**Q** 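Quick one: this structure, given as structure tokens, is what I'll be asking you about.
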2 protein chains.
Amino acid sequence: MRYKIVLSYDGSYFHGFQRQTKENSIQKTLEDALSSILQEKILIKGAGRTDAGVHAINQVAHFDTKIEMPLHGFREILNKWVMPHIYIKSIEKVDESFHARINVVKKEYRYFVSLNEFDPLKANYLYFFTRPLDIQKIQEALPYFLGTHDFRGFTKNQKLQNTIRTIEKSELTVKDGILSFDFIGDGFMYNMVRIMVALLLRIGEGKNTIEDLQSYFHASNRNEIPYLAPSQGLYLWQVYYKEKNQEQSQ
Amino acid sequence: MRYKIVLSYDGSYFHGFQRQTKENSIQKTLEDALSSILQEKILIKGAGRTDAGVHAINQVAHFDTKIEMPLHGFREILNKWVMPHIYIKSIEKVDESFHARINVVKKEYRYFVSLNEFDPLKANYLYFFTRPLDIQKIQEALPYFLGTHDFRGFTKNQKLQNTIRTIEKSELTVKDGILSFDFIGDGFMYNMVRIMVALLLRIGEGKNTIEDLQSYFHASNRNEIPYLAPSQGLYLWQVYYKEKNQEQSQ
């Protein structure tokens with residue numbers, strides 16, 4: 001049977017979501033825990049990868065097992081294995097038609113920038129930005145990401161055939177010196193949000209313009225936009241699925 | 001000449017403040033950085049030790065050097081060495097009569113307990129408490145710590161001659177499911193705040209009473225109060241000095 005899990009994690013303790021040969025990853029931690037608990041080799045499929053240092057508030061994954069577990073106890077024992085840097089928020093049985101990656105309708109990422117004095121207790125959770133920013137310029141640029149564009153220049157992954165993505169939310173709220181960027185789209189490629197945020201910050205600094213942003217939708221590769229905001233400010237916030245004829249947020 | 005520094009740090013990255021033979025400590029990190037920058041062996045004196053996992057918002061230390069440095073540049077270069085898990089908030093030249101530990105008039109510690117659902121992004125910064133608590137009972141118990149008492153039972157350090165301490169603030173505020181304990185006193189011994197908080201939580205759970213708390217001031221050793229709240233909820237918040245005939249907070 002198939003189980004779906006929703007989990008949060010502190011990305012600063014992992015070399016990204018995806019299993020690698022040696023390094024500690026979220027996928028490896030989960031698969032090792034599940035394989036030990038269920039006493040069979042378990043492979044998980046995540047809604048998407050997150051890079052080293054990137055956090056998740058509601059990442060989604062699924063896995064198959066022959067064993068039927070009572071859900072509450074299953075969540076508890078799995079958390080005993082993966083806490084404190086990963087936390088399983090929910091676990092449920094799902095139909096075999098559910099696929100954590102393929103069924104994704106849209107994803108939400110948030111990115112946090114602090115304009116306040118550096119705080120070592122938040123070093124892994126915010127991007128501390130020390131140069132002056134014109135927030136109004138950033139607010140003016142944000143809607144230009146909305147709609148359907150070719151983001152070929154906004155990813156390091158040059159093997160992708162289809163680099164067209166649709167963004168339906170591109171917003172910034174500012175409170176207590178913290179900038180919270182909020183993006184919802186049908187898909188985000190490798191490094192895409194971090195490149196978008198880096199470009200927006202450059203626009204806020206007056207180093208780039210909205211015209212640059214528009215021209216970058218015609219960039220043929222990543223080298224034309226060599227900017228990248230650091231990983232620790234980025235959070236996979238929500239994964240949206242359309243299930244059973246209704247949209248559910250997880 | 002003598003320099004005084006005020007610093008904050010994320011205790012989860014260090015085996016406590018005090019230099020140990022091998023392990024990574026705040027003292028070692030600072031001394032290594034300063035010795036490299038100043039090209040002479042530098043020893044620092046902290047206002048007090050913090051245990052492994054315990055954080056500081058305003059720790060204070062001093063050190064002596066033959067070299068005179070411009071203060072702004074000194075702070076910047078020192079931060080380049082010790083960031084991101086330690087941050088030097090200020091550096092100033094002080095009179096040789098200043099001693100970061102001996103001149104302490106009082107210290108403030110805060111301890112944070114979360115009653116909310118576990119969050120892996122805050123695992124190192126709060127104590128997540130999952131059992132029911134009667135906050136009113138804790139509020140009633142807090143003033144019993146005020147005044148001068150023998151805290152012999154509240155420390156693991158059994159070599160201390162004088163275990164009498166005076167507490168002038170013992171308060172709790174609760175907001176958004178977070179309990180913030182605030183203690184100010186003329187001194188806190190090894191583990192003392194963590195034992196106090198553990199006892200208060202037990203009183204909130206109904207496992208101990210105010211009468212127990214009062215009787216513990218007559219405890220002859222730590223074994224009579226075998227409770228200890230975990231390190232990650234504890235913050236050295238402020239160190240207070242009386243200098244030049246006026247009280248200054250750093």
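Since the model is a prediction, treat every value here as computed from it, not as a measurement. Below, chains carry the letters A, B, ... as their sequence lines are ordered, and counting in each starts from 1.
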**Q** Of all of A:Ser8, A:Ser12, A:Gly11, A:Ala123, which one pairs up most often with chain B through heavy atoms under 4.5 Å apart?
**A** A:Ser8
**Q** Between B:Ser25 and B:Gln20, what is the shortest heavy-atom contact and its length?
**A** OG-N, 4.2 Å
**Q** What's the separation between atom CD in B:Glu40 and atom OG1 in B:Thr65, rounded to the nearest 0.5 Å?
**A** 3.5 Å
**Q** What part of A:Ile86 gets closer than 4.5 Å to chain B, counting heavy atoms only: side chain, backbone, both or neither?
**A** backbone
**Q** Can you tell which part of A:Asn124 gets under 4.5 Å to a heavy atom of chain B, answering side chain, backbone, both or neither?
**A** side chain
**Q** Picking from A:Tyr9, A:Trp237, A:Tyr235, what satisfies side-chain contact (heavy atoms from CB on, under 4.5 Å) with A:Gln59?
**A** A:Tyr9
**Q** Give me the contact list for residues 45-56 of chain B versus chain A, heavy atoms only, anything under 4.5 Å, ordered by residue number.
**A** B:His55, B:Ala56
**Q** Does B:Lys89 come within less than 4.0 Å of A:Glu117, counting only side-chain N to carboxylate O?
**A** no
**Q** Examine whether an atom of A:Phe128 lies under 4.5 Å from a heavy atom of chain B, and if so say whether it belongs to the side chain, the backbone or both; otherwise answer neither.
**A** neither
**Q** Of the backbone (N, CA, C, O) and the side chain (C-beta and beyond), which part of A:Tyr125 lies under 4.5 Å from a heavy atom of chain B, both, or neither?
**A** side chain
**Q** Could you please spell out the steps behind the ring-ring contact (aromatic ring centres under 6.0 Å, His included) verdict for B:Tyr111 and B:Tyr109?
**A** CA-CA 7 Å; B:Tyr111 193 101; B:Tyr109 276 94; over 10 Å; no
**Q** Under 3.5 Å, side chain of B:Thr155 to main-chain N/O of B:Met192, donor-acceptor pair present?
**A** no
**Q** What heavy-atom pair brings B:Ala229 and B:Ala198 nearest, and what distance separates the two atoms?
**A** N-CB, 3.5 Å
**Q** Do B:Arg110 and B:Glu108 meet the salt-bridge criterion of a basic N to acidic O distance under 4.0 Å?
**A** yes
**Q** Look at the rings of B:Phe129 and B:Tyr127 and say which category their plane angle falls in: under 30° parallel, 30 to 60° tilted, over 60° perpendicular.
**A** perpendicular
**Q** By a 4.5 Å heavy-atom criterion (distance strictly below it), what part of B:Ile57 contacts chain A: side chain, backbone, both, or neither?
**A** side chain
